[in-house]
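Only one structure is covered here, and it is reproduced in the block below.
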Amino acid sequence: LLCVSEDFDFFYFVQQWPGSYCDSKQSCCYPTTGKPVADFGIHGLWPNYKDGSYPSNCDPNNPFDQSQISDLSSGLQKNWPTLACPSGSGLKFWEHEWEKHGTCSESVLDQHAYFQTTLNLKRKLNLLQVLKDAGIQPNGQVYSIENIKEAIQNGIGYTPWIECNVDSSGNSQLYQIYVCVDTSGSNLIECPVFPNGKCASQIEFPSF
Ligand code: 5GP
Ligand code: 5GP
Ligand code: 5GP
């Protein structure tokens, strides 16, 4: 019997709200392909250990290779847009995510599967719709973090983690949403451990 053991316990699937990346002190640049749609974008699919630590940059011999994901490029541009400056096509962001995180799950997902699986998760999980259905809109209003988490829990069946950042006036706002995924990359699970970090109890959901 041959069996492959994974060298991690679960994934964090992390999505970023572009409005919160852009209105912070660092500011943002739209990708060369144009302003992204007003939706959560993928930040990454991150292998993690259940003690809260995580592996990174696991295989320098498996560098990012654009040619392996050419069939995914329109999906990546739409769902995994880069907002860092200076403007880029996204290739640098995807390269960084593959090399830092993706190489640590290469025993289960090769490069194509890693990006395909991450896009599939994004398509399955419409967080913006779930929030809108609960009356939580990206309109600059303030919402309680409790209500935001409850809306997502009710919509997807699992407890998310919210990461906040601050806008240029110092207000705490909804920046990233974490959900946990099993080691196959296909099924949501309850998080074995949550990240750290503080939000105010009332946080802004800025427009984009
Ligand atoms: P920050 O310091 O901005 O929270 O995180 C910087 C980067 O470290 C993230 O974008 C991600 O690449 C990585 N990172 C931060 N927290 C975690 C975590 O809990 N798990 C994993 N796998 N990566 C993380
Ligand atoms: P992590 O925080 O995942 O280790 O690293 C994110 C890296 O990707 C940083 O070097 C950051 O500059 C770059 N990057 C490019 N585009 C984006 C983006 O849209 N959001 C975030 N958070 N990082 C981006
Ligand atoms: P409890 O788990 O008792 O609701 O919250 C314990 C503490 O963690 C509270 O200070 C609460 O604001 C914070 N907290 C709960 N959920 C989250 C979350 O998703 N993100 C962040 N940043 N803090 C949270």
Side-chain angles (χ1 to χ4, degrees), residues 6-37 39-58 64 76-105 114 118 122 127 131 136 142-153 156 158-166 172-181 183 185 190-205 208:
E6 300 90 31
D7 21 23
F8 63 103
D9 298 321
F10 69 96
F11 289 107
Y12 284 127
F13 174 51
V14 183
Q15 297 186 55
Q16 61 181 359
W17 179 248
S20 302
Y21 187 98
C22 289
D23 77 1
S24 67
K25 217 162 107 192
Q26 78 192 336
S27 184
C28 75
C29 295
Y30 296 154
T32 50
T33 45
K35 182 181 176 176
V37 292
D39 190 8
F40 287 92
I42 297 167
H43 184 162
L45 184 66
W46 302 344
N48 227 80
Y49 300 118
K50 58 190 179 210
D51 71 359
S53 69
Y54 59 90
S56 62
N57 298 100
C58 295
F64 181 69
L76 290 169
Q77 279 168 16
K78 172 157 188 292
N79 296 291
W80 202 330
T82 179
L83 291 167
C85 295
S87 292
S89 64
L91 283 170
K92 274 195 174 162
F93 189 23
W94 309 326
E95 174 180 50
H96 171 87
E97 292 299 312
W98 167 255
E99 290 178 354
K100 180 171 180 179
H101 299 286
T103 55
C104 300
S105 52
Y114 179 77
T118 308
K122 169 71 174 68
L127 293 179
L131 289 171
I136 297 168
V142 159
Y143 300 92
S144 85
I145 185 169
E146 208 173 283
N147 289 348
I148 292 173
K149 293 185 68 161
E150 196 174 277
I152 294 171
Q153 158 79 54
I156 71 173
Y158 296 91
T159 313
W161 179 260
I162 307 297
E163 180 184 348
C164 296
N165 69 357
V166 294
S172 184
Q173 57 182 358
L174 173 56
Y175 170 42
Q176 299 199 115
I177 299 179
Y178 293 61
V179 298
C180 290
V181 178
T183 53
E190 281 298 341
C191 288
V193 59
F194 286 112
N196 298 310
K198 271 196 175 0
C199 291
S201 58
Q202 299 275 112
I203 61 178
E204 188 185 342
F205 192 9
F208 179 64

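First listed ligand is number 1; within each ligand, the first listed atom is number 1.
Taken as a pair, Cys104 and Cys58 meet the criterion of an SG-SG distance shorter than 2.5 angstrom.
For ligand 1, the polar-atom distance check finds an N/O of His101 within less than 3.5 Å of one of the ligand's N/O atoms. Backbone and side-chain nitrogen or oxygen atoms of Tyr12 are examined, and none is located within less than 3.5 angstrom of a nitrogen or oxygen of ligand 1. Considering backbone and side-chain N/O of Tyr21, none are found under 3.5 Å from N/O of ligand 2. At least one N/O-N/O distance between Leu83 and ligand 2 falls below 3.5 Å.
The part of Lys149 lying near ligand 3 is the side chain, judged by heavy-atom distances below 4.0 Å. Using a 4.0 Å cut-off between heavy atoms, Pro47 contacts ligand 1 through its backbone alone, with no side-chain atom that close.
The protein heavy atom nearest to atom 21 (C) of ligand 1 is Asn48 OD1, 3.1 Å. For atom 20 (N) of ligand 3, the closest non-hydrogen atom on the protein side is Ile162 O, 2.7 Å. Scanning all protein heavy atoms for the shortest distance to atom 13 (C) of ligand 1 gives Tyr54 OH, 3.4 Å. Of the protein's non-hydrogen atoms, the one nearest atom 8 (O) of ligand 3 is Trp161 CH2, 5.0 Å.
Note on ring orientation: taking the six-membered ring where Trp is involved, the planes of Phe11 and Phe8 are tilted (angle from 30° to 60°). Between Tyr54 and His101, the ring planes lie tilted relative to each other; the angle falls in the 30° to 60° range.
The residue from His96, His43, Gln16 that puts a heavy atom closest to atom 7 (C) of ligand 2 is His96. Considering each of Trp46, Tyr175, Phe11, the one bringing a non-hydrogen atom nearest atom 9 (C) of ligand 1 is Trp46. Considering each of Pro18, Ala84, Gly90, the one bringing a non-hydrogen atom nearest atom 12 (O) of ligand 2 is Ala84. Of the options Lys100, Glu95, Gln176, the smallest heavy-atom separation from atom 4 (O) of ligand 2 is shown by Lys100.
Taking every heavy atom of Thr82 and a limit of under 4.0 angstrom, the matching atoms of ligand 2 come to 15 (C), 16 (N), 17 (C), 19 (O).
Within a 4.0 Å radius of atom 18 (C) of ligand 2, the protein has at least one heavy atom. Within the 4.0 angstrom cut-off, atom 15 (C) of ligand 2 has one or more protein heavy-atom neighbours.
Using 4.0 Å as the threshold, Gly197 has a heavy atom nearer than that to some atom of ligand 3.
Here Glu163 contributes atom CD and Gln16 contributes atom CD; the two are 10.0 Å apart, rounded to the nearest 0.5 Å.
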